[in-house]
Amino acid sequence: MDNTNQLKQAITKLSDIDAKSLLFQLFLQAETNEPGQFVKKLREIKQSLMIAQPAGHPQTVHIVFGDSTAGSLQVAFHGTAYEETEEVLVLPDILSVGPVKGLHTKEGIQARFQWLKDRYQDAINERDAYMHGMTEAIDRIKAIPSYQDIVIWTGNNAHEQSGLRIVLALLKDKWNTVSILNTFTAFHELYTYPALAEENYPQTSNGQDLLLFYEQFDMRPVRPEKREALCKEGWNMLLEEGHSMLSNEPYLIRTWGDNELWHNTNIDCDDDFIITCAKRMHAEEETFDFIKAARVVGEVCGHMEQYRGIEWIEYRLRCLIEQGIFEYEGDLKAMRLYQVKLKMVDSFVG
């Protein structure tokens, strides 16, 4: 088959929404690139369209955020036909905290993980494995072939919503069909419990319903306009800028509210909630005795609207110890080795 006929067949196989997305992207490229660059981009598109899918290769790649979600999805696909047709790719870090500027580069990954390493406990040296996993995941995203459909799993939390925007930024020049599966939305569309509150669903995309969501949720490819908007946010607010234009301070905290991603430079924004939880625990036990640090961290994570992860809350608890708000006994080298209590009785009376 000559190249012309092969190209015709490749174009014929495009769905309506894929064709519209491709045309939309071409217009954008025409407006933003010099003539020579635009011709080069057209040739790249042609080449990607004509790449045939190898026999037995996964048809769809699922991009998830966090090892727990990846494990849940792999378990969901186990023993089904999806084991042959679906591939799971995981970004193994919690993206609602810490710097993400330049995360698409090795230098950016190194800077982020050095920041985390300086603050988090690293007793078993897992951080190096996480860094390797993030580098590998980003390289794989950049190398996704054009014949694979892409499903990005997300939820109503800053961790996965940040990841969604970063991934779409990495996919900026790719023409793959991209769909977004918001598990919180899927849960509320597939289940009808009138009294169900938001806190009744996990903060992140994991659990036993993932296979049900994938098979029954009406998941459609992302509209070109929405994809472009999320991609721009991924570049402008996360990968390229990553800091406040007013103070030039890095955005270190991301929160999710009113269906928007909010960026914050204030790293102690969760401290008041940690103190509030500790006050409640002292009041419920009617004692001012020391409480295991793991219990305090668990209480905070269990009642917190935002998803930051255990390591972040434990880090902030140690910061509050340094500030003299909590006192401790034991060894601060690991969360399981120390206990805490609010230092001043007056701070939780009333």
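Worth saying up front: this structure is predicted, and the values here are computed from it rather than measured. The figures here come from the full heavy-atom set of this structure, side chains too, leaving out hydrogens, waters and symmetry mates.
- With rounding to the nearest 0.5 Å, the separation of CG in Asp289 from CD in Gln339 is 9.0 Å.
- Leu337 and Leu332 fall into different hydrophobic clusters, where Ile, Leu, Val, Met, Phe, Trp and Tyr side chains are chained together by heavy-atom contacts under 4.5 Å.
- Of the possible polar contacts, one joining the Gln306 side chain to the Trp256 backbone as a donor-acceptor pair under 3.5 Å is found.
- The local environment of NZ in Lys106 is sparse, with at most 12 non-hydrogen atoms from other residues, nucleotides or ligands closer than 6.0 Å.
- Looking only at side-chain heavy atoms (C-beta outward), Asp93 and Phe113 come within less than 4.5 Å of each other.
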Kindly list each side-chain donor-acceptor pair under 3.5 angstrom involving residues 314-321, sequence neighbours excluded, with atom names and distances?
residue: Glu314; atom: OE1; partner: Arg318; partner atom: NE; Å: 3.1
residue: Glu314; atom: OE1; partner: Arg318; partner atom: NH2; Å: 3.3
residue: Glu314; atom: OE2; partner: Arg318; partner atom: NE; Å: 3.1
residue: Glu314; atom: OE2; partner: Tyr338; partner atom: OH; Å: 2.6
residue: Arg316; atom: NE; partner: Asp271; partner atom: OD1; Å: 3.0
residue: Arg316; atom: NH2; partner: Asp271; partner atom: OD2; Å: 2.8
residue: Arg318; atom: NH2; partner: Arg119; partner atom: O; Å: 2.7

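- Interatomic distance, Ile325 CD1 to Ile275 CD1, rounded to the nearest 0.5 Å: 4.5 Å.
- Rounding to the nearest 0.5 Å gives a distance of 11.0 Å between NE2 of His132 and CD1 of Ile109.
- You'll find the side chain of Tyr82 stays beyond 4.5 Å of the side chain of Thr60, heavy atoms only.
- The aromatic rings of Trp115 and Trp312 lie parallel to each other, their planes meeting at an angle below 30°, with 60° marking the opposite boundary.
- Hydrophobic clustering, with ILVMFWY side chains joined whenever heavy atoms are under 4.5 angstrom apart, keeps Val100 apart from Ile94.
- Under the 4.5 Å side-chain criterion, counting only non-hydrogen atoms from C-beta, Arg336 is not in contact with Asp331.
- For Ile310, the CD1 atom sits in a loose shell: 12 or fewer heavy atoms of surrounding residues, nucleotides or ligands are nearer than 6.0 Å.
- Within 6.0 Å of CD in Glu286 there are 12 or fewer heavy atoms belonging to other residues, nucleotides or ligands.
- Under a 3.5 Å cut-off, the side chain of Asn176 and the backbone N or O of Val178 do not form any donor-acceptor pair.
- Under 4.0 Å is where a charged nitrogen must lie from a carboxylate oxygen, and between Glu285 and Lys341 no such pair does.
- Expressed to the nearest 0.5 Å, how far OH of Tyr251 lies from OG of Ser162 amounts to 12.5 Å.
- Checking side-chain atoms of Asp209 against main-chain N and O of Leu212 turns up no donor-acceptor pair under 3.5 Å.
- Relative orientation of the His159 and Tyr307 rings is tilted, given thresholds of 30° and 60° on the angle between their planes.
- What you find for Met219 and Val151 is that their closest heavy atoms are SD-CG1, 3.8 Å.
- Of the inter-residue distances, the one linking Leu210 atom CG with Glu215 atom CD reads 11.5 Å to the nearest 0.5 angstrom.
- Closest heavy-atom contact between Leu342 and Glu327: O-OE2, 4.4 Å.
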TODO: Go through the steps for Leu116 and Glu311 under the test side-chain contact (heavy atoms from CB on, under 4.5 Å), then give the verdict.
DONE: CA-CA 9 Å; Leu116 294 174; Glu311 289 180 307; over 6 Å; no
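- A 6.0 Å sphere centred on CD of Glu83 holds more than 12 heavy atoms belonging to other residues, nucleotides or ligands.
- With Leu91 as the partner, the side chain to side chain contact (heavy atoms under 4.5 Å, CB included) test is satisfied by one option alone out of Thr69, Asp67, Ile63, Val64: Ile63.
- Grouping the Ile, Leu, Val, Met, Phe, Trp and Tyr side chains by contacts below 4.5 angstrom, directly or via other members, places Val297 apart from Phe290.
- Under the 4.5 Å side-chain heavy-atom criterion for ILVMFWY residues, no single connected hydrophobic cluster contains both Ile166 and Trp262.
- Glu299 approaches His303 most closely through the heavy-atom pair O-ND1, 3.0 Å.
- Using a 4.5 Å cut-off on side-chain heavy atoms (C-beta onward), Asp149 and Gln59 make no contact.
- The cluster map of Ile, Leu, Val, Met, Phe, Trp and Tyr, joined by side-chain heavy atoms under 4.5 Å apart, puts Leu238 and Ile152 in the same cluster.
- A heavy-atom distance below 4.5 Å is found between the side chains of Met134 and Pro92.
- Atom OH of Tyr328 has 12 or fewer neighbouring heavy atoms from other residues, nucleotides or ligands inside a 6.0 Å radius.
- Side-chain contact between Arg227 and Leu168 is present, with heavy atoms from C-beta onward closer than 4.5 Å.
- Side chain of Arg112 to backbone of Pro99: a donor-acceptor contact under 3.5 angstrom is found.
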Task: Residue pair His104, Ile141: steps toward the side-chain contact (heavy atoms from CB on, under 4.5 Å) verdict - done: CA-CA 10 Å; His104 58 301; Ile141 290 171; over 6 Å; no
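- Rounding to the nearest 0.5 angstrom, the gap separating the CG atom in Leu211 from the CG atom in Leu73 is 8.5 Å.
- Closest heavy-atom contact between Lys172 and Trp235: CD-NE1, 3.5 Å.
- Between the side chain of Arg254 and the backbone N or O of Gly98, at least one donor-acceptor pair lies under 3.5 Å.
- Looking only at distances, no side-chain donor or acceptor of Arg220 sits under 3.5 Å from a matching main-chain atom of Ile180.
- Between Phe273 and Val300, the shortest heavy-atom contact is CE2-O, 3.7 Å.
- For the pair Gln161 (side chain) and Gly155 (backbone), a donor-acceptor distance under 3.5 Å is present.
- Residues Cys231 and Ala169 approach most closely at SG-CA, 3.8 Å, considering heavy atoms.
- In this structure, His62 and Tyr214 have perpendicular ring planes: the angle between them is above 60°, well past the 30° mark.
- Between Met237 and Arg165 the shortest side-chain heavy-atom distance does not fall below 4.5 Å.
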